[in-house]
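Chain naming here is simple, since letters A, B, ... match the order of the sequence lines and numbering starts at 1 in each. Values below: all heavy atoms of this structure, side chains included; hydrogens, waters and symmetry mates excluded. Values in this document were obtained by computation on a predicted structure and should not be read as measured data.
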Number of protein chains: 2
Amino acid sequence: MNDSLTIQQYISQTASDVESALQTILPTSWDVPALLKESMMYSLQAGGKRLRPALVLAAAEAVKCDSRAAAAAMPVACAIEMIHTYSLIHDDLPAMDNDDYRRGKLTNHKVFGDAMAILAGDALLTHAFHAIVQSTRQHGVSAEVSLKIVEELSVMAGASGMVGGQAADMLGEQGVTSIDQLRYIHLHKTSDLIVFSLRAGAMIGGATEEQLEQITKFGTAIGLAFQIQDDILDLVGDEAKLGKKTNSDVEQQKVTYPFLIGLNESRAEVERLTSDAKRALDRAGLEGPSRLFGIADYLMKRDH
Amino acid sequence: MNDSLTIQQYISQTASDVESALQTILPTSWDVPALLKESMMYSLQAGGKRLRPALVLAAAEAVKCDSRAAAAAMPVACAIEMIHTYSLIHDDLPAMDNDDYRRGKLTNHKVFGDAMAILAGDALLTHAFHAIVQSTRQHGVSAEVSLKIVEELSVMAGASGMVGGQAADMLGEQGVTSIDQLRYIHLHKTSDLIVFSLRAGAMIGGATEEQLEQITKFGTAIGLAFQIQDDILDLVGDEAKLGKKTNSDVEQQKVTYPFLIGLNESRAEVERLTSDAKRALDRAGLEGPSRLFGIADYLMKRDH
């Protein structure tokens with residue numbers, strides 16, 4: 001990929017590459033009931049920043065400056081987007097958050113019904129693991145590395161990861177009173193998949209254990225900063241830019257960082273976490289393009 | 001395992017081994033919200049014949065008569081039970097079949113609520129892939145074999161496998177008119193996971209491609225026979241032995257094999273499929289104990 005791209009251009013470019021790759025993620029030879037396939041693709045193609053796949057690809061390139069590393073990381077980039085998409089479909093269900101719209105489009109169950117939305121989510125989650133294996137089948141990534149990525153995804157997306165964060169959020173609604181509880185929810189609902197994306201890309205690029213450790217610190221910090229920035233934007237963001245109503249956290253009496261520590265301290269925390277993240281990345285001593293630094297800044301300064 | 005066990009004893013013994021293994025499937029060091037863990041374990045420990053895990057273990061032993069093969073297959077046996085359990089939790093939801101009881105116990109969502117039941121299912125599905133990796137981490141199965149098992153599970157449990165069968169069943173309710181449609185549903189809702197169980201066990205045992213092909217034929221045939229027998233038992237079975245009401249298919253106007261081809265022809269089909277299955281197994285030329293033959297007979301003759 002062209003090194004002279006701005007971060008904004010890089011993220012747009014990878015989003016468009018990922019969208020192309022997602023279009024053919026279900027082999028045409030497979031006998032999938034038409035409506036199930038339609039339901040899966042409806043949500044998979046519903047847009048979004050495609051931030052997690054960009055992290056997979058940027059991390060792979062940062063470790064090994066080689067277009068083959070980025071190509072080999074593409075199936076994993078698609079896998080993480082399938083996991084993210086399934087979690088949104090299930091979260092939007094009437095039994096969970098009961099949302100009718102997401103990014104201005106009707107949510108999956110409003111179009112296909114609750115039962116099909118549950119099944120489409122299940123199928124996307126299952127298919128994410130299929131996509132990971134394709135890094136080995138199509139791009140020669142070693143079986144050891146692909147298996148390690150399967151293992152990490154099964155932890156980071158599972159009971160002690162994303163699903164655990166979601167359960168804690170649900171159980172704690174209105175009952176969250178401490179910054180520690182809120183931190184647990186944010187870490188698992190958001191940071192875990194961000195850390196996974198970075199580690200998986202870096203592993204495909206051939207990162208050392210020491211590099212992986214620093215990349216994990218980077219991911220944990222930007223993941224938390226990302227979520228606090230979300231809380232801030234919900235309070236003071238521009239509805240037109242965000243594409244959604246602000247103040248929903250206040251209306252739903254959700255406990256957030258600004259609620260617990262105030263707006264100024266929350267902003268300071270985002271800056272502190274971003275600095276911590278960059279320091280960790282410095283220590284990783286990566287050779288490839290330094291897009292991860294740019295992504296950290298982009299996330300901190302984003303207004304949507 | 002003792003070779004002199006009857007098939008009934010073998011199935012009971014493996015069920016009890018699998019239940020022990022399932023108890024520690026979530027590492028105690030993991031930080032899982034207590035209620036999520038409770039919800040997952042509630043359904044995982046709700047009993048059942050544990051038929052699929054028995055097939056994994058029997059297939060591993062049939063290929064390689066070695067207790068280490070059975071030990072290495074145990075994590076995969078647990079994985080398949082997690083997949084089976086998650087599918088039951090999601091199927092029982094109000095949005096799907098809306099069942100209040102299963103095997104005489106309240107269904108997951110009746111105890112933990114719909115949201116937690118959805119999350120517990122998601123977590124079990126995700127954790128099944130974690131269990132597979134343990135065959136490599138704890139028992140030295142090669143990464144290539146574990147990755148192949150991950151790949152096959154992602155197909156057989158996914159959009160063109162079990163979830164596809166479930167979607168087709170849901171979409172076709174009351175609209176199924178041909179034996180071909182019914183066969184698609186049975187093959188994917190039931191046979192796919194049975195075939196996966198056998199192939200995964202056989203791969204851990206070190207089966208050749210030719211052996212895997214015959215084992216696949218065996219699995220497809222006993223899977224279909226199993227489902228037709230289910231249809232027959234719903235019509236003429238003993239409610240006390242089955243532990244559930246009979247004639248539910250008729251009451252729900254479900255299209256079944258007996259409905260489409262009659263009771264006698266359905267019974268003949270079960271026998272034909274069982275013979276086909278055994279012939280395929282003969283051709284596989286396996287060296288280990290021939291428990292798979294016994295299991296085929298057991299399934300054909302079962303009354304619950």
Side-chain angles (χ1 to χ4, degrees), chain A residues 26-27 30-33 35-37 39-40 86-87 90 93-96 109 113-133 136-137 142-148 150-151 153-155 157-168 170-171 184 188, chain B residues 26-27 30-33 35-37 39-40 86-87 90 93-96 109 113-133 136-137 142-148 150-151 153-155 157-168 170-171 184 188:
Chain A
L26 280 172
W30 283 20
D31 196 2
V32 180
L35 216 58
L36 174 63
K37 185 169 180 173
S39 169
M40 293 167 74
Y86 115 75
S87 78
H90 282 189
L93 284 166
M96 307 271 284
H109 66 273
D114 294 3
M116 193 54 83
I118 293 169
L119 292 173
D122 293 344
L124 285 168
L125 164 51
T126 310
H127 202 61
F129 290 94
H130 190 263
I132 292 172
V133 182
T136 292
R137 298 282 176 261
S142 77
E144 283 79 8
V145 167
S146 283
L147 194 67
K148 181 87 182 110
V150 164
E151 186 176 27
L153 180 60
S154 74
V155 176
S160 65
M162 184 186 71
V163 174
Q166 182 63 31
M170 202 188 72
L171 292 167
Y184 177 93
H188 294 296
Chain B
L26 280 172
W30 283 19
D31 195 1
V32 180
L35 217 57
L36 173 63
K37 186 170 179 173
S39 170
M40 291 167 75
Y86 114 75
S87 77
H90 282 188
L93 285 166
M96 308 271 283
H109 66 273
D114 295 2
M116 193 53 83
I118 293 169
L119 292 173
D122 292 346
L124 285 168
L125 165 51
T126 310
H127 202 60
F129 290 94
H130 190 263
I132 292 172
V133 181
T136 292
R137 297 282 175 261
S142 77
E144 283 78 9
V145 167
S146 283
L147 194 66
K148 180 86 182 113
V150 164
E151 185 176 28
L153 181 60
S154 74
V155 175
S160 66
M162 184 186 71
V163 175
Q166 183 62 30
M170 204 189 70
L171 293 167
Y184 176 94
H188 295 297

Engineer: Counting only heavy atoms closer than 4.5 Å, note whether B:Leu119 contacts chain A via side chain, backbone, both or neither.
Structural biologist: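 For B:Leu119, the contact with chain A is made by backbone and side chain together.
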Engineer: If we only count heavy atoms from C-beta on, is the B:Thr126 to A:Met162 side-chain gap below 4.5 Å?
Structural biologist: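 The answer is no, as the side chains (C-beta and beyond) never meet within the 4.5 Å cut-off.
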Engineer: Mind ranking B:Ala131, B:Pro27, B:Gly161, B:Ala159 by heavy-atom pairs under 4.5 Å with chain A and telling me who comes out on top?
Structural biologist: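 Of the candidates given, the most pairs with chain A belong to B:Ala159.
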Engineer: How many angstroms lie between OG in A:Ser160 and NE2 in B:His130, if you round to the nearest 0.5 Å?
Structural biologist: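 Result: 8.0 Å between the selected atoms.
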Engineer: Look up atom CG in A:Asp31 and atom NE2 in B:His188, then write down how far apart they are to the nearest 0.5 Å.
Structural biologist: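 Those atoms lie 5.5 Å apart.
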Engineer: Checking B:Leu93 against chain A: side chain, backbone, both or neither under 4.5 Å from a heavy atom?
Structural biologist: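 For B:Leu93, the side chain is the part near chain A, not the backbone.
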Engineer: Let me know if B:Lys37 has heavy atoms under 4.5 Å from chain A in its side chain, its backbone, both or neither.
Structural biologist: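 No part of B:Lys37 comes within 4.5 Å of chain A.
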Engineer: As an exercise, state the distance from CE of A:Met170 to CG of B:Leu36, rounded to the nearest 0.5 Å.
Structural biologist: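 So the CE of A:Met170 and the CG of B:Leu36 are separated by 8.5 Å.
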Engineer: Highest number of heavy-atom pairs under 4.5 Å with chain A: which of B:Val32, B:Leu147, B:Asp114, B:Ile118?
Structural biologist: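 Among B:Val32, B:Leu147, B:Asp114, B:Ile118, the one with the most close pairs to chain A is B:Leu147.
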Engineer: As an exercise: rank A:Leu35, A:Leu171, A:Val163, A:Val150 by heavy-atom pairs under 4.5 Å with chain B and give me the winner.
Structural biologist: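 Heavy-atom pairs under 4.5 Å are most numerous for A:Val163.
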Engineer: Under a 4.5 Å heavy-atom cut-off, does chain A meet the side chain of B:Ile132, its backbone, both or neither?
Structural biologist: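 Neither the backbone nor the side chain of B:Ile132 comes within 4.5 Å of chain A.
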Engineer: From A:Met116 CE over to B:Met96 CE, what is the distance, rounded to the nearest 0.5 angstrom?
Structural biologist: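 Those atoms lie 9.0 Å apart.
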Engineer: Once rounded to the nearest 0.5 Å, what's the spacing between atom OG of B:Ser146 and atom CD of A:Glu151?
Structural biologist: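 B:Ser146 OG to A:Glu151 CD: 10.0 Å, rounded to 0.5 Å.
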Engineer: Side chain, backbone, both or neither: which part of B:Met40 has an atom under 4.5 Å from a heavy atom of chain A?
Structural biologist: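 Only the side chain of B:Met40 comes within 4.5 Å of chain A.
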Engineer: Please rank A:Trp30, A:Phe129, A:Tyr86 by heavy-atom pairs under 4.5 Å with chain B and give me the top one.
Structural biologist: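 Top option by heavy-atom pairs under 4.5 Å: A:Phe129.
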Engineer: Which bit of B:Thr136 is near chain A, if near means a heavy-atom gap under 4.5 Å: side chain, backbone, both or neither?
Structural biologist: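 The side chain, not the backbone.
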Engineer: Could you walk me through whether A:His127 and B:Val155 pass side-chain contact (heavy atoms from CB on, under 4.5 Å), step by step?
Structural biologist: CA-CA 7 Å; A:His127 202 61; B:Val155 175; over 6 Å; no
